[in-house]
Structures are given as structure tokens and as C-alpha cells.
Amino acid sequence: MIVLEWLFLTIAPCDAAEPWQLGSQDAATPIMQGITDLHHDVFFFVILILVFVSWILGRALWHFHYKKNPIPQRIVHGTTIEILRTIFPSIIPMFIAIPSFALLYSMDEVVVDPAITIKAIGHQWYRTYEYSDYNSSDEQSLTFDSYTIPEDDPELGQSRLLEVDNRVVVPAKSYIRFIVTSADVPDSWAVPSLGVKCDAVPGRLNQTSISVQREGVYYGQCSEICGTNHAFMPIVVEAVPRKDYGSRVSNQLIPQTADSSPIFIGSPNPKKTLFFWGDPSRGYGEQSLTLAWLWAREEKRKPTLT
């Protein structure tokens with residue numbers, strides 16, 4: 001009973017690594033769900049091959065023991081068995097290759113019209129995130145650095161070497177494009193629950209797309225040896241509802257004004273219910289340079305206030 005409880009507790013859904021964890025982290029994107037399903041499908045074939053090979057080996061050891069068969073039969077060729085052992089091993093990789101190719105192509109697919117574009121820049125030994133859609137000038141931008149929380153200074157409930165001082169906040173159920181690069185040494189931007197692993201190479205821009213299907217906090221780390229403090233470059237992505245995302249972004253946009261409360265904008269598409277900040281009487285100037293501007297550009301019309 002204790003063993004069963006231990007097994008079920010260790011394979012429970014989670015968004016961060018746990019001690020003695022079995023299996024992958026709980027999937028939060030369609031890509032990660034596809035990776036998990038492919039792993040289970042391949043593992044099914046692995047079990048079948050293991051059982052078959054074990055049966056053949058055990059049968060050979062049992063029937064061809066020197067005491068049972070001291071004078072073995074001399075068999076030079078076996079046409080039937082040679083055909084079978086050639087055909088079946090070639091069919092099994094086909095069943096594995098077809099879904100794996102579909103998954104690989106879907107992972108490389110880039111969203112043409114993402115809701116948000118975020119640039120992740122690796123440094124020694126921290127990361128800089130830039131929400132490119134909100135950068136109208138040097139005075140008004142949304143760029144911040146993300147450092148790991150020291151081992152001797154975590155708060156209650158924070159994971160050791162996984163928590164950062166500034167999280168990457170994204171809206172749930174929206175298409176997001178990440179542009180990954182590095183300023184000095186090569187590293188990797190990887191979040192297992194999101195199914196993302198993108199190399200950050202100095203002088204090169206790599207991009208990947210995600211669509212977080214549920215709200216939560218997802219942890220990742222640099223998955224490529226990048227130097228002395230490789231273990232101290234965690235990644236934390238927090239997925240929140242779109243309305244909460246508007247409030248979080250408005251609190252970080254500079255400069256802040258007294259009338260910079262978020263105003264939500266109606267849209268015929270529920271996935272594009274967006275917003276802007278500023279006084280409506282001022283029109284749509286610099287104060288409204290947010291997602292409302294992006295939505296108006298996509299819809300090619302002036303947004304209506306609700």
C-alpha cells in the first residue's frame with residue numbers, strides 16, 4: 001500500500017521537477033502534450049520488443065541447454081525466420097516515424113500572427129526579457145532583468161534554484177512568439193511543461209512559438225552548459241488570464257500616470273479581447289500604445305470602448 005501511494009504521489013501532475021519524479025511534467029501546451037503522447041506510444045513498442053526478445057532468449061536457454069540437447073542440430077540457413085526478422089524491424093520504425101515527423105514539423109511551425117512577441121536574451125548569469133510590442137521609445141518600454149533567487153534567501157513555497165525575482169508573465173490561451181538570443185555565451189531557454197527548448201546563440205535570433213492552455217507557473221532551466229553559473233539561470237513563466245495580464249503589464253509600463261487604469265476593448269473574436277491604458281478623451285496616442293493598437297492594426301479599424 002505504501003509503495004502504491006509513493007508511486008501515485010510521484011507521478012502526480014506537476015509543473016516543476018520533484019524528488020523521485022517518474023515521467024514528464026504535466027503538459028501545458030499542445031506541443032508538450034504531443035511529446036508526452038509520442039513517448040507513451042514509443043514506450044508501448046519498446047515493451048513489446050522487450051517481451052518478445054526476453055521470450056526468445058528464455059526459450060533458447062531452456063531448450064538448448066547442454067544437458068537437454070548435448071548434440072545441437074546444425075542449421076545453416078532459415079529462410080522463414082530471416083524474412084521475418086528483416087520485415088518486422090523495418091515496420092516498427094515506420095509506426096514510430098510517422099507521428100514523430102508530424103510532431104517535429106509542428107514544433108518548427110512559426111505562428112504568423114502572434115498575440116505577443118517576447119525577446120529572451122541570455123547573459124552571464126541572468127536573463128533579460130523584452131516585450132517588443134510595447135516598446136514605443138526609450139522612455140516607454142517593457143524590458144526587465146530576471147535573476148535567480150539566492151539559495152539562502154528563498155521565501156516560503158519557493159523552489160530552490162528555480163525561482164526568479166521577475167517572472168515572464170504571458171496570457172493564457174494565446175499564441176506567443178519567443179525570440180531567443182544571447183549576449184555573450186551560448187545557452188538554452190527550456191521549459192519542460194511548455195515543450196520548449198530553444199538555443200540562445202550570440203549574434204543569432206532563434207524563434208519558437210507556444211500557446212499555454214491553462215493558467216499556472218511553469219519552471220525551467222538552462223539546458224546547455226554555458227559556464228560557471230550554469231545551474232543559476234532558471235526560467236519562470238507565469239500564465240494568467242488575459243484581463244489579469246493587462247493589469248500586470250500596465251503596472252510595469254513606464255511612465256505611469258494617474259489615469260492609466262486598463263480599459264477593455266470589445267472584439268468579435270473572444271481570443272482578441274484586448275485593452276489599452278490612458279484617458280479615452282485623449283484619443284489613441286502614446287498612452288494607448290498597447291495591445292489595443294495591435295488589435296486595431298490587425299482588424300484594420302478603430303477599436304470600440306466598452
Side-chain angles (χ1 to χ4, degrees), residues 28-29 110-123 126-148 163-183 187 189-191 194 196 198 200 204-212 215-220 233-257 260-265 267 271-278 284-299 303:
T29 62
V110 178
V111 177
V112 178
D113 190 15
I116 300 171
T117 298
I118 302 176
K119 182 186 293 184
I121 306 173
H123 301 274
Y126 65 97
R127 299 185 186 274
T128 299
Y129 295 98
E130 175 184 314
Y131 288 65
S132 305
D133 297 324
Y134 311 134
N135 291 352
S136 59
S137 62
D138 295 337
E139 290 76 18
Q140 183 171 0
S141 62
L142 185 51
T143 304
F144 59 88
D145 296 329
S146 180
Y147 291 86
T148 181
E163 193 59 64
V164 297
D165 54 356
N166 291 316
R167 296 176 175 178
V168 181
V169 180
V170 299
K173 298 181 180 179
S174 300
Y175 290 102
I176 304 164
R177 176 174 59 189
F178 278 91
I179 298 178
V180 182
T181 186
S182 177
D187 63 83
W189 199 87
V191 182
L194 305 182
V196 175
C198 188
R204 180 184 179 91
L205 294 178
N206 293 330
Q207 63 177 349
T208 183
S209 302
I210 63 172
S211 177
V212 186
E215 303 164 13
V217 180
Y218 309 101
Y219 295 89
M233 293 189 64
I235 303 163
V236 182
V237 178
E238 183 177 357
V240 299
R242 285 191 290 270
K243 291 186 179 181
D244 294 344
Y245 172 78
S247 301
R248 299 282 288 270
V249 172
S250 65
N251 293 332
Q252 297 188 41
L253 277 175
I254 55 174
Q256 292 290 324
T257 59
S260 60
S261 58
I263 299 176
F264 296 94
I265 296 175
S267 168
K271 292 186 178 181
K272 292 187 178 181
T273 303
L274 303 178
F275 35 81
F276 81 103
W277 292 268
Y284 297 89
E286 292 185 358
Q287 293 291 335
S288 61
L289 187 60
T290 55
L291 289 179
W293 175 79
L294 297 175
W295 176 76
R297 182 189 63 182
E298 295 169 358
E299 300 294 333

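Predicted, not measured: the structure shown is a model, and the values here were computed from it.
Distance alone, capped at 3.5 Å, places no donor-acceptor pair between the Asn206 side chain and the Cys198 backbone. In this structure, Thr128 contributes its side chain and Asp145 its backbone to no donor-acceptor pair below 3.5 Å. In terms of modelled atom types and a separation under 3.5 Å, the side chain of Asp133 and the main chain of Thr117 share a donor-acceptor contact.
Residues Asn166 and Ser146 come closest through the heavy atom pair O-OG, 2.9 Å. When all heavy atoms of Thr29 and Ser211 are compared, the pair lying nearest together is CG2-O, 3.6 Å. What you find for Thr181 and Ala200 is that their closest heavy atoms are O-CB, 3.4 Å. Nearest heavy atom pair, residue Ala28 against residue Leu194, reads CB-CD2, 4.0 Å. Taking all atoms of both residues into account, the shortest heavy-atom contact from Tyr245 to Val170 is CD1-C, 4.0 Å.
If you run side chain to side chain contact (heavy atoms under 4.5 Å, CB included) between Pro171 and each of Ile116, Asp244, Val212, only Ile116 comes through. Results of the side chain to side chain contact (heavy atoms under 4.5 Å, CB included) test with Arg127 over Val180, Ile235, Val164, Val168 single out Ile235 as the only residue that passes.
Side-chain contact check for Glu238 and Tyr218: no donor-acceptor pair (N or O, by modelled atom type) lies under 3.5 Å.
Using a 4.5 Å cut-off on side-chain heavy atoms (C-beta onward), Phe144 and Arg167 make no contact.
Here OH of Tyr147 is found 10.5 Å from CE of Met233. Values are rounded to the nearest 0.5 Å. To the nearest 0.5 angstrom, Thr148 atom OG1 is 14.5 Å from Tyr126 atom OH.
Using a 4.0 Å cut-off between a side-chain N of Lys or Arg and a carboxylate O of Asp or Glu, Lys173 and Glu215 do not qualify as a salt bridge.
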